[in-house]
2 protein chains.
Amino acid sequence: MDRGEIQGAPKNFEALRALILERRRELPKRLAQVAAFALDNPDEIAFGTAASIATDAEVQPSTLVRFSQTFGFDGFSALQAVFRARLRERNSSYEDRLVELEGGDAVAAGSAAILNSFVGAAHRSLDNLSAAIDPQKFESASRLLASAGTIHLIARRRSYPIATYMAYALSQLKIRCQIAGTASGIDDDLLALADEGDAAFAVSFSGYAPETVAQASALAARGIPVVSLTDSAFSPLAECSTIWFELVEADHAGFRSLSASMAFAMALAVAIAEERRRA
Amino acid sequence: MDRGEIQGAPKNFEALRALILERRRELPKRLAQVAAFALDNPDEIAFGTAASIATDAEVQPSTLVRFSQTFGFDGFSALQAVFRARLRERNSSYEDRLVELEGGDAVAAGSAAILNSFVGAAHRSLDNLSAAIDPQKFESASRLLASAGTIHLIARRRSYPIATYMAYALSQLKIRCQIAGTASGIDDDLLALADEGDAAFAVSFSGYAPETVAQASALAARGIPVVSLTDSAFSPLAECSTIWFELVEADHAGFRSLSASMAFAMALAVAIAEERRRA
DNA sequence: TTTCTGATGGAACAGAAATTCTATATTTGA
DNA sequence: TCAAATATAGAATTTCTGTTCCATCAGAAA
């Protein structure tokens, strides 16, 4: 064909996206900047004006035009049309796609089904969370932990990631904390150093790791307040805790989601920081 | 209030829609015509220009302006903004629920608001997840990792909890894995022992911990396949990965949720086990 | 170094956009 | 039926948008 030399101008978003990713390396600096912005903020491209997008992406409007032409479009408007088409299509078919996914599950491979199932479980867990957590108790817990000198985080096995996340978040927020969850025997020694002004946050779900329970009650016996997150009122953790929260995670084939516990932990970390800031 | 006579200008689509329906009868002929067109073709309103919409709706452009002003907007553009906002937000089915929740927040205390906000962010992240992950790529990833002798888990800082969770889940599933994420210098030594039959799973989000990137590319350079989870197509991780997934987590006040990443990690672990069982 | 190639920034331009204005038409109320 | 009020169409206006063009700049090649 006579106009064959103009290769690009993909007319659907996915093709464009693939093309951008493919040629990402060879793009000059500013065009690469536009590429990154475009893929990260597709909605902006769809709705914004060349000027507003240029401002947001910190380039000149002319750069947008050049970018578009680099990919075979006539001008910026033609490229924008692709981003808009994507929004139109996605909207009309979003629900359908979900249904397709679910319908396809039975037929199609197991992996996708597993992923969907976990997503579903996570959603359910989160809904549970909002329903199960008493805001006032949450408030008290964050206040209690905010007043602590050091927060000791006690968790093992499945709950251990929650403690590692809180350790990360709390240090980011400049709140002193100490994690007790490694297999090494030094945990008990570290906890033995816990001060009167300290507090602890313990997490344990059924199957209850014995070390977690032992450490939490040891601290409680010494008068150190313990806040805990567990999944049953009959949990041994509940007995020795000043404040405790019951949170049941939904599961897929026995593998319990951690999404709600994570959301809880994140919120607690930030709430503690808020309390401190206010005080 | 003194400016009470200007009632309208609803700022979200649902409110506008309700208002239009309510006042539909009392509208003059041409304005009613616009009302019908707007509710029947909301996408047109969002994307079109005043002129093109006027043509489609068989009215004058000025009629569109008058219509907008009738409902309390400054001009047509302000009304169009509402139609566009709707398109942007439509992705998440939990949007409505969030609004409700946030409505209650104003009343409730600060801590509870923080908790709700994190729950909302987690829901949104999960919706993102289903939309963003390509099932086939997920399938390939789990197959690739299933065929590995040992799976090396590489993550730091915020992503570290994800690796600790996977380490837990994989060992439960009797799949050999090795975590590389501690501050100690032994990680590199352990990774140096990685076998040809091994594979790696790396997680890093913007802010990209340099050790994670360095270790992942070192493994890739030695021909060891790397599957990674990151938040941008421009992540340095994407470059050196055999398969990579892009997943953007929603956030509350800058604290990004981990819920979707967690769900992904859990699903991946189980999917790997499934693959192995089948093989 | 010097030269050359190509990327970049920014101003200028042409055109299209939204909005306003006004004469005309239509409805409303007595 | 008539007048007053309101709605409408279409032109006029003004604002803003996408694009182009060109001088400058950075980096590669000679």
Side-chain angles (χ1 to χ4, degrees), chain A residues 5-9 11 16 19-20 23-38 41-85, chain B residues 5-9 16 19-20 23-38 41-85 234:
Chain A
E5 74 276 7
I6 295 178
Q7 39 160 316
K11 50 168 235 359
L16 175 56
L19 188 61
I20 292 177
R23 297 180 46 188
R24 144 169 71 121
R25 262 162 241 281
E26 59 199 62
L27 287 177
K29 190 171 148 217
R30 284 289 118 99
L31 295 193
Q33 192 174 328
V34 173
F37 183 85
N41 309 62
D43 288 10
E44 281 310 311
I45 306 280
F47 288 116
T49 68
S52 71
I53 296 165
T55 305
D56 288 355
E58 296 178 334
V59 295
Q60 291 291 325
S62 52
T63 307
L64 295 181
V65 177
R66 251 178 319 186
F67 177 81
S68 309
Q69 287 167 345
T70 301
F71 286 94
F73 294 96
D74 231 40
F76 171 71
S77 303
L79 174 126
Q80 193 178 38
V82 172
F83 279 77
R84 293 189 167 184
Chain B
E5 74 276 7
I6 295 179
Q7 40 160 314
L16 175 57
L19 188 61
I20 291 176
R23 295 179 48 188
R24 181 147 60 143
R25 265 159 235 283
E26 60 196 66
L27 286 176
K29 190 171 150 215
R30 286 286 119 99
L31 295 193
Q33 193 175 325
V34 173
F37 183 85
N41 310 61
D43 287 11
E44 281 309 312
I45 307 279
F47 287 114
T49 69
S52 72
I53 296 166
T55 304
D56 289 356
E58 298 179 332
V59 295
Q60 291 292 324
S62 54
T63 307
L64 295 180
V65 176
R66 255 179 305 122
F67 178 80
S68 308
Q69 288 167 345
T70 302
F71 286 95
F73 295 96
D74 231 40
F76 172 69
S77 302
L79 174 126
Q80 193 179 35
V82 172
F83 279 76
R84 293 187 166 184
F234 294 90

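So you know, we letter chains A, B, ... as the sequences are listed, proteins then strands, and number each from 1.
In terms of heavy-atom proximity, B:Ala35 sits nearest to B:Leu27 at CB-CD1, 4.0 Å.
Between the CD atom of B:Glu58 and the C1' atom of D:dA9 there is a distance of 15 Å, given to the nearest Å. One can place CG of B:Leu79 at 13 Å from C1' of C:dA18, the figure rounded to the nearest angstrom. The interatomic distance linking B:Glu26 (CD) with D:dA7 (P) rounds to 11 Å, in whole Å. Rounded to a whole Å, the CG atom of B:Leu27 is 15 Å from the P atom of C:dT27. For the pair B:Phe73 CZ and C:dT20 C1', the interatomic distance rounds to 20 Å; values are reported in whole Å. What separates CZ of B:Phe67 from P of D:dT6 is a distance of 20 Å, to the nearest Å.
The A:Arg66 side chain lies nearest to C:dT8 when the options are C:dT8, C:dA18, D:dT8. Distances from the side chain of B:Ser62 to the nucleotides C:dT20, D:dT19, C:dA7 place C:dT20 closest. Looking at the side chain of B:Thr49, the nearest of the listed nucleotides C:dA17, C:dG9, D:dT8 is C:dA17. If you check C:dT19, C:dG9, D:dT19 against the side chain of A:Arg30, the one that comes closest is C:dG9.
Counting non-hydrogen atoms under 4.0 angstrom, A:Leu64 reaches nothing in the nucleic acid. Within 4.0 Å (heavy atoms only), B:Thr63 reaches sugar-phosphate atoms of the nucleic acid but no base atom. Nucleic acid contact class of B:Gln69 (heavy atoms, under 4.0 Å, all strands): sugar-phosphate only.
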Name every donor-acceptor pair, under 3.5 Å, that has one atom in a side chain of residues 62-78 of chain B and the other anywhere in the protein, sequence neighbours excluded.
{"from": "B:Thr63", "atom 1": "OG1", "to": "B:Gln60", "atom 2": "O", "distance (Å)": "3.3"}
{"from": "B:Thr63", "atom 1": "OG1", "to": "B:Arg66", "atom 2": "NH2", "distance (Å)": "3.1"}
{"from": "B:Ser68", "atom 1": "OG", "to": "B:Leu64", "atom 2": "O", "distance (Å)": "2.8"}
{"from": "B:Gln69", "atom 1": "NE2", "to": "B:Asp74", "atom 2": "O", "distance (Å)": "3.4"}
{"from": "B:Thr70", "atom 1": "OG1", "to": "B:Arg66", "atom 2": "O", "distance (Å)": "2.7"}

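Contact of the A:Arg30 side chain with the A:Val34 side chain is not registered, since no non-hydrogen atoms from C-beta on lie closer than 4.5 Å. Under the 4.5 Å side-chain criterion, counting only non-hydrogen atoms from C-beta, A:Asp43 is not in contact with A:Phe83. At least one side-chain heavy atom of A:Phe37 sits under 4.5 Å from a side-chain heavy atom of A:Ile45.
OP1 or OP2 of C:dG10 has at least one side-chain nitrogen or oxygen of A:Gln60 nearer than 4.0 Å. Taking 4.0 angstrom as the limit, A:Ser77 places none of its side-chain polar atoms (N or O) nearer than this to OP1 or OP2 of D:dT17.
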